Each structure stands twice: as C-alpha cells, then as structure tokens.
Amino acid sequence: MALSGQTAVVTGAARGIGRAVTELLLQHGATVTVTLHNAGHVVEVALLDVDESAGLSLKASLDQQHGAQRTLFLLCSVESEEQTKAAFQKTVETFGRVDILCNNAGVLNEAAWERSVSVNLVAVIRLTYMALEHMNKGTGGRGGVIVNIASMAGLGPLPSCPVYTATKHAVVGFTRAMAAASTALGYGIRFNAVCPTFVQTDLFSNIYDRMGMFSQLAAQTRKFATTGVLNVSEVAAGLLELVTDETKNGEALMLTGGGKKYMTFPTLS
Ligand SMILES: NC(=O)C1=CN([C@@H]2O[C@H](COP(=O)(O)OP(=O)(O)OC[C@H]3O[C@@H](n4cnc5c(N)ncnc54)[C@H](O)[C@@H]3O)[C@@H](O)[C@H]2O)C=CC1
Ligand SMILES: CCCCCC(=O)/C=C/C=C\C=C\C=C\[C@@H](O)[C@@H](O)CCCC(=O)O
C-alpha cells in the first residue's frame, strides 16, 4: 500500500517507538499536515500523547525537517474515552479520513497494574473500535490497516512482569481475532501486531524499578535482555512492513536482535 494520500493516527507518538514510527512515516512521504483538506499526494498523521512538552518538542523538530504543515500534535490520554473520541474527531475534521492506526502507547508498572491494563489493553480496544467507525468499508469507510505494538512478552511469559505479559498476550490475541472478524465481515481493514524484544527507550530504562512484588526476578530478565536490545528504528521498520504489505493480515511479527520472524500459531479447529 502506498502511503501517499493516507491519514494515520499514532498513539504515544512523542517519544520512543512512537516517535520513530512517526518519523519513518514522514520520511516515506507520510506527511503530517495541518491543512484543512487532504493535500492529495501526501500522508497525514495525527500524533497523540499525554506528554505535552515532548509532543510539542517533537513537532518543532519535525517542522524544521519537513515544514510546519507536516505535523499535528494532539494532547490526548488513550485512557480517556472523551479525549480519544475528540482526537479522532479532530483528525477527521482536519484530514477527512483515517486509514492507518498505530496503537503504540504503552506502560509497564507491576505495582500499578490496573494502569498497565488500562493503557496497554483497554485503550487498544477502545481506539480500535473508534477507528472502525471511520475506517470500516461496511459503514462508508475506505478500509485501511491497524498495527498494534505488542511485545515478545505477548508471545512468551516474562515472570518478572505477569500483568504486562498478560496485556501483551491479550493484544496479540485481539489483533488476530479482529483480523479474522474483519475478513469475515468485510471491514476492509487489516490488523497486525509487532512483537519486539527489548528496545532502547525510556520504558526499557525503567523496567527494573517497575516490577513490584516480582522484583526478585529482575536478574533473569536482565540476563535475558543481554540477548539483544533493538533500536527504535528497527521497530518502526517492522511496523512499516506491516502497514505497506497488503498481504499481511492477522500477523504477529517478532523482532529480535537475530532478525524478524512471522509467528505461526496452532490451529485449534
Ligand atoms: N521498550 C521496549 O523494550 C519495548 C516496548 N514495547 C512496547 O512499545 C510501545 C512503546 O513503548 P516505548 O516506546 O518503549 O515506551 P516509552 O515510554 O519510551 O514511550 C511511550 C510513549 O507513550 C506515551 N504514553 C504513555 N501513556 C500514555 C497514555 N495514557 N496516552 C497517550 N500516550 C501515552 C508516553 O508519553 C510516551 O511518549 C509500548 O506499547 C511498549 O509496551 C514492546 C516491546 C519492547
Ligand atoms: C521486562 C519488561 C520489558 C518491557 C519491554 C518489553 O516488552 C520487552 C520484551 C522483551 C522480551 C520478552 C521475552 C519473553 C520471553 C519469555 O517467553 C522467556 O523466554 C524469557 C524469560 C526470561 C525471564 O525469566 O525474564
């Protein structure tokens, strides 16, 4: 799928993997524009984040690189139905459409596990269903693609972070189920998940302080992390592959230091 003419929404866009996704979209002609009409030959992206200073700082940087008309930042917590509804509304008012959703925003804190569930899972479901209202071919939409940033912890358990593991397993399952539902119901929307190993970001830097009552297990996780830490650009490249390759639907793309692997799952029927 060519990116030109597409409109995307990226959550947690201000820092880490979300920032890399935004920058890669822009580099590939994905233009985050503030124009009140779709310029026709460029991609438009709304950047959603709770971190206002980081979001505005990113916008200023992107303005320098790509021109002020190419970026739009919306202060929004994905935990808030009201704020996310308003963000989608503003996106559609500004760009006229939504073709791509990247559910990237995520947190890890086993001591505050309800928030992990709220951001990592409930919000992914909420934004997916909101995007459906605008993307579903069955209700006048143009179709498109939704890519969820899960984790390798969505494919195998991390004993030091059981709730985080649960949220990421749930995102993989939700993604695969939505892909099958979309095919069966004719949404015209592809659903895929990216499952990276450790990635050098602020989230990764803080994990050993966020394990709560499982902190004693940090050593095993730290040892596992020595198998390799990715950079954010490697994750963004995996996402771009899932966005642009129209044959990909229901995929879980694992990214490790050793490369990438499309996961296979047992057929239960
Ligand atoms: N860093 C890692 O080792 C890995 C991260 N991931 C996943 O990648 C995604 C991005 O993580 P990182 O870039 O590492 O994290 P990060 O902490 O570096 O960046 C996350 C961004 O999301 C924003 N955010 C947090 N809560 C939010 C909310 N309620 N509403 C809107 N924005 C919010 C933050 O302000 C920040 O800009 C997460 O889903 C994470 O679980 C997956 C595998 C590995
Ligand atoms: C510790 C939280 C990391 C948060 C960022 C993230 O999502 C990173 C995930 C990276 C890899 C996860 C791999 C899971 C592998 C398990 O299935 C098991 O093979 C490894 C167990 C290692 C351990 O005991 O911690």
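Indexing begins at 1, ligand by ligand and atom by atom, following the structure's order. Any value given below was found using the heavy atoms of this structure, including those in side chains, with hydrogens, waters and symmetry copies removed. Predicted model, so just to flag it, every value in this text is computed and none were measured.
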If you have a sec, work out which protein heavy atom is nearest [atom] and how many Å separate them, to one decimal?
atom	value
atom 41 (O) of ligand 1	Tyr164 OH, 2.7 Å
atom 43 (C) of ligand 1	Pro196 O, 3.4 Å
atom 1 (N) of ligand 1	Thr201 OG1, 3.0 Å
atom 15 (O) of ligand 1	Leu203 CB, 3.4 Å
atom 9 (C) of ligand 1	Asn104 O, 3.0 Å
atom 35 (O) of ligand 1	Asp49 OD1, 2.6 Å
atom 36 (C) of ligand 1	Arg15 NH2, 3.4 Å
atom 22 (O) of ligand 1	Gly12 CA, 3.3 Å

Quick check: closest heavy atoms across [X] and [Y], and the distance to 0.1 Å?
X	Y	answer
Cys195	Val172	SG-CG2, 3.9 Å
Ser116	Val107	CA-CG2, 3.8 Å
Glu234	Leu255	O-CD1, 3.9 Å

Pairwise distance [atom1]([X]) to [atom2]([Y]) - rounded to 0.5 angstrom:
X	Y	atom1	atom2	answer
Arg190	Met135	CZ	CE	9.5 Å
Asn231	Ile17	CG	CD1	10.0 Å
Asp51	Ser77	CG	OG	12.0 Å
Leu58	Phe73	CG	CZ	8.5 Å
Asp99	Ile189	CG	CD1	10.0 Å

For [X], counting its heavy atoms only, list the atoms of ligand 1 lying under 4.0 Å from any of them.
X	answer
Ile149	7 (C), 8 (O), 9 (C), 39 (O)
Gly16	13 (O), 18 (O)
Asp202	18 (O)
Phe198	3 (O)
Asp51	35 (O)
Gly106	38 (C), 39 (O)

Of the backbone atoms (N, CA, C, O) and the side-chain heavy atoms from C-beta on, which set of [X] has a member under 4.0 Å from an atom of ligand 1: side chain, backbone, both, or neither?
X	result
Thr197	backbone
Cys76	backbone
Ala150	backbone
Lys168	side chain
Arg115	side chain

Candidate list Arg210, Arg15, Arg19, test salt bridge (charged side-chain N to carboxylate O under 4.0 Å, His left out), partner Asp202, passing option: Arg15
Walk me through it: do Thr183 and Asn249 pass the test side-chain hydrogen bond (donor to acceptor under 3.5 Å, both in side chains)? CA-CA 9 Å; Thr183 299; Asn249 184 39; 3.2 Å; yes
Measuring only between side-chain heavy atoms, which start at C-beta, is Gln6 closer than 4.5 Å to Arg97? yes
Surrounding CD of Glu114 (heavy atoms of other residues, nucleotides or ligands, distance under 6.0 Å), is the total greater than 12? yes
In terms of its nearest heavy atom to atom 27 (C) of ligand 1, the top option of Asn103, Leu108, Leu74, Val50 is Val50
With sequence neighbours left out, the residues meeting salt bridge (charged side-chain N to carboxylate O under 4.0 Å, His left out) with Arg115 are Glu79
Who passes salt bridge (charged side-chain N to carboxylate O under 4.0 Å, His left out) against Glu81, sequence neighbours left out? none
Is there a nitrogen or oxygen of Val199 sitting under 3.5 Å from a nitrogen or oxygen of ligand 1? yes
State whether the shortest distance between N or O atoms of Ser151 and N or O atoms of ligand 1 falls below 3.5 angstrom. no
Where do Ser61 and Gln65 land on the side-chain hydrogen bond (donor to acceptor under 3.5 Å, both in side chains) test, with the steps shown first? CA-CA 6 Å; Ser61 167; Gln65 297 173 61; 3.0 Å; yes
Can you list everything that forms a ring-ring contact (aromatic ring centres under 6.0 Å, His included) with Phe204? Sequence neighbours excluded, please. Phe198
Following the transitive rule for hydrophobic clusters with a side-chain heavy-atom cut-off under 4.5 Å over Ile, Leu, Val, Met, Phe, Trp and Tyr, establish whether Val199 and Leu253 coincide in one cluster. yes
Protein neighbours of ligand 2 with a heavy atom under 4.0 Å, given by chain and number, are Leu108, Ser151, Met152, Ala153, Gly156, Pro157, Leu158, Pro159, Cys161, Tyr164, Thr197, Phe198, Leu203, Ile207, Gln220, Thr221, Phe224
